Amino acid sequence: MRSIEQLTEEILSLPSESRALLADKLVESLEFDTASAIQSVWVTEAKRRRDEVRNGSVQPISGEDALAQVRRLIEP
């Protein structure tokens, strides 16, 4: 089995286009792990917000009202 150093040396000797393609593939392989971690955080946040609505600590508003509030905040 080749070491990381050997692989690095071999990869760096590839043409730029091949290295870019390999870099894309490596990043894609990492993004899946990141996506599942992000999804887990959002699921936790969604459950927290759901619980706040259920226990009455926050009052929900309609999407239409929420958008109107945001528009008022960002309009000059």
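Computed from a predicted model, the values in this text were never measured in an experiment.
Within 6.0 Å of atom CD in E45, more than 12 heavy atoms from other residues, nucleotides or ligands are found, so the atom counts as buried in its surroundings. Heavy-atom neighbours of L73 CG from other residues, nucleotides or ligands within 6.0 Å: above the threshold of 12.
For the atom pair NZ (K47) and CZ (R54), the distance works out to 10.5 Å, reported to the nearest 0.5 Å. Rounding to the nearest 0.5 Å places OG1 of T44 at 12.0 Å from CZ of R49. With values rounded to the nearest 0.5 angstrom, L26 atom CG is found 7.0 Å from I11 atom CD1. Annotation: the span from N55 atom CG to R50 atom CZ amounts to 10.5 Å, rounded to 0.5 Å.
No side-chain heavy atom of E10 sits less than 4.5 Å from a side-chain heavy atom of Q6.
With hydrogens and angles disregarded, no donor-acceptor distance shorter than 3.5 Å links the side chain of S40 to the backbone of S36.
Contact detail for Q69 and I61: the closest heavy-atom pair is NE2-CD1, 3.6 Å.
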